[in-house]
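What's counted below: heavy atoms across the whole structure, side chains too, no hydrogens, waters or symmetry copies. Just so it is clear: chains get the letters A, B, ... in the order the sequence lines come, proteins before strands, and each one is counted from 1. Note that this is a predicted model, so its numbers are computed, not measured.
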Amino acid sequence: MGLTGHLTSLISDAHKDRLQRVAERTFEQHLNLAVTGLSGSGKTVFITALVHHLLQLDQDNSLPLLEAAAEKRLLGCRPIDAPGTRPFPFKGNLAALSASEPHWPRSTRDLSQIRLAIRYRRSTSIKRLLGEWGTVYLNIIDYPGEWLLDLPMLQQDFLSWSQQQTNLLQASPRVEAAAQWLKANRAIDWHAPANLAQLNQLGLEFRDLLQSFREPPHALSMLQPGHLLLSEASSPEQDLLLFPLTAEVSNETGTPEGSALAEMTRRYRSYCERWVRPFYTEHFSRFDRQIILTDCLKTLNQGEACFDDMQLALNTILSSFHYGKNSLFRRLFSPRIDRVLFAATKADHVTANQHANLDRFLELMVHDARKEMRFESVQTRCMALASVRSTQAAQARKDGQLLSCLKGYRKETGEPVALFPGEIPTELPRAEDWHQDRFRFIDFAPRALPRSGLKPEHHIRLDQALEYLTGDLFR
Amino acid sequence: MSSSKHDWHRPTFLDPASIENTDTRQGFIPATDIPPDEAEAVDETPETGIPEPKKQKSTWPARALTASLIALLSLAVGAELYRLLDWSFGLHTLLGTAVASLIIVCTGCGLWQLRRSLKGLRQLRHTRDLRTEAQRLSTRNSHGGAAHFLNRLEAHYRDHPQQDSIIQQIHQVDSSYNDAEVIRFLSSHALTKQDKLARACIRKHSLAAGTLVALSPWASFDMLLAGWRNLRMLREIMSIYGVAPGASAQIRLLKQVFHSIAFAGISDLALDAGSTFLGTGLTSGLSSRASQGLGAGLFTARTGLTAMELCRPLPFNVRRNSVMKRLAGELVTQLATGARTSGR
């Protein structure tokens with residue numbers, strides 16, 4: 001074995017990986033973009049639309065407010081292989097959106113990744129000393145939004161997690177649906193030897209409960225554990241069947257070997273180590289920029305409980321990212337997120353004059369998390385956007401007044417519909433403001449996205465989001 | 001707020017067949033046609049931009065002075081002309097006819113010139129109004145306030161040689177843009193061709209002014225050269241942006257340029273010049289004459305950029321420093337090579 005061999009053997013695989021990453025970052029511009037959002041907030045559609053517009057850069061001028069594109073400095077973009085992970089099903093998603101009867105792509109069940117190389121012309125002659133053309137590598141991963149809520153579990157242990165979950169379960173609106181399960185849960189003697197069949201049964205029931213919470217009329221967001229929520233098998237792995245204990249358990253006597261408490265604590269640890277930590281370390285700990293997609297309209301439709309729950313979920317998620325100034329040193333060794341965009345998706349589901357209100361509403365919703373980020377001198381911004389525009393602006397005369405409205409096709413039935421969907425409030429609604437008839441945001445089916453010949457009218461503010469997130473790299 | 005009496009509109013389903021389509025592809029204006037209540041809401045918001053300094057109205061003695069001077073002069077000129085005509089007709093009919101036709105030609109041409117320069121002045125004023133409006137809009141994220149501005153902008157460019165491309169860009173404005181986005185979009189897309197031409201023109205003239213000043217043997221001659229170059233450049237920039245380049249409009253623009261340069265602050269100027277000088281780092285290799293040339297060239301460039309800003313009805317969001325730096329670099333190389341080849 002030569003000297004090189006000796007040296008390489010001294011470096012463990014983990015370090016090798018890290019060194020390689022450092023070298024890459026030094027010489028090339030890599031951007032890991034975190035597309036964050038609860039399930040159903042439109043991550044997959046956002047990524048698909050973004051990639052589609054970027055790939056068509058050289059032909060269509062569909063991103064007019066992306067500065068580099070407006071100055072015609074973007075040469076083109078192409079996907080490159082990202083080894084290790086499943087490739088993002090771009091073609092399939094695009095096919096769904098561009099079919100003659102277009103539909104939204106199905107919700108994501110698994111992690112996938114797409115990497116794009118974007119070639120651009122440097123803007124000033126001084127920078128051109130580095131070479132006239134530069135390349136930015138944009139790395140995006142797609143994953144089920146449910147997994148996100150698992151991340152905060154890494155910072156907790158089983159008992160504190162149980163405590164938090166119990167508080168949620170014992171409050172409205174969960175308590176009504178969960179009464180029976182709670183009763184069964186309380187009946188368990190946690191210090192007695194574990195009855196695995198009973199625990200598994202409760203686990204399965206907990207999963208059903210979570211799944212029912214996710215659907216309307218509850219439409220809740222703060223649902224943990226995410227992998228359990230997504231599992232569909234009739235008898236999933238035992239370690240996945242994790243649920244909180246809801247009774248008061250004194251921990252003074254210690255945890256007896258083989259007791260139910262010991263079993264659940266083991267499951268919790270195993271769950272964190274097997275499913276959550278790899279997801280976190282491989283993907284989530286090394287993002288540079290983040291976009292947080294939020295479906296504000298759903299919460300307005302569903303009412304106060306849904307709104308509060310989503311706010312809680314968002315703030316919980318955001319606590320598991322690292323924010324801070326990305327100095328050169330930090331960029332190399334422990335990157336942190338230095339720019340965050342909060343985006344209210346489905347901006348096409350409200351009339352254009354409501355976009356400012358939607359921005360404002362989102363600002364109010366994420367106010368606390370944003371304050372924390374600003375404290376770390378992280379740039380943040382709120383924006384209403386639509387990755388794929390599914391409605392047309394129109395107007396109608398009603399009671400002698402001109403009313404801006406939307407024209408589109410209903411998601412469920414595909415029938416044409418024209419609607420004035422209500423106004424977005426610019427203050428957080430108080431309890432008495434949640435009026436039955438106030439909002440009626442329906443889901444629209446997408447309008448077919450063309451394969452080529454993209455225009456700015458196929459999206460709303462996608463170009464500005466991209467400018468905000470990546471604009472400085474193309475200078 | 002009670003639930004029976006609320007200040008929001010109830011969501012309503014409408015019959016898809018009965019509504020008017022306002023999609024962007026059918027022209028922009030209908031899409032942003034504003035409902036009456038919306039328009040009022042926009043006007044109620046307080047001005048956020050810095051208010052334009054009020055134009056100082058001249059006092060009545062000054063106005064009386066101007067009026068009486070004009071009256072006196074025209075009376076004198078009229079009387080003189082009448083006497084001239086009278087005298088020439090008295091001498092001979094042919095001479096009288098010749099003098100009369102001369103006077104007619106003179107008056108006609110004068111009126112034509114006056115009309116042209118008045119048109120230029122009007123266009124400059126219109127441009128300034130549009131720019132103020134655009135600046136006001138660009139601080140707002142309200143919706144629909146830009147429709148009126150777009151109509152005015154379209155009218156402003158109706159006689160422009162490249163009106164098609166400009167108006168086409170105006171029609172490309174997306175119906176979902178808010179007012180600030182409309183201005184940003186237009187600012188970077190509507191006048192790209194004109195900006196490119198204007199920048200090339202500034203480059204050409206500042207290089208020429210720099211070289212001329214560096215080579216001219218008399219110091220006092222430099223000033224004239226630079227001034228002459230500057231005036232030509234102003235005229236070219238005006239015609240690029242479709243402002244009729246009459247003499248009075250040119251003078252007005254020149255006045256505005258100097259005003260803006262003077263009031264942009266000496267510090268700004270020093271910063272600009274300083275950073276460009278230091279940035280190039282090549283000035284040490286130049287003779288004092290060549291440095292004068294560089295100074296004149298940079299001054300011309302600055303005048304040109306300011307004129308460009310003033311001729312555009314949309315705010316200018318290109319980083320001015322980078323343009324100056326690039327020009328300075330080019331000037332230095334040109335002057336250095338020029339000095340070397342001429343043997344100094």
S.K.: Against chain B, label A:Q464 side chain, backbone, both or neither, depending on which of its atoms sit under 4.5 Å from a heavy atom there.
M.R.: side chain
S.K.: So what's closer than 4.5 Å to chain B heavy atoms on A:D348: side chain, backbone, both or neither?
M.R.: neither
S.K.: Is any side-chain N of the basic residue among B:D195 and B:R312 closer than 4.0 Å to the acidic one's carboxylate O?
M.R.: yes
S.K.: So among A:H459, A:R389, A:R461, which one has a side-chain hydrogen bond (donor to acceptor under 3.5 Å, both in side chains) with B:S176?
M.R.: A:R389
S.K.: Could you check whether A:R339 pairs with A:D472 (Lys NZ or Arg NE/NH1/NH2 to Asp/Glu carboxylate O, under 4.0 Å)?
M.R.: yes
S.K.: Hey, would you say the B:Y157 and B:Y241 ring centroids sit under 6.0 Å apart?
M.R.: no
S.K.: Does any backbone or side-chain atom of A:P421 lie under 4.5 Å from a heavy atom of chain B? Answer side chain, backbone, both or neither.
M.R.: backbone
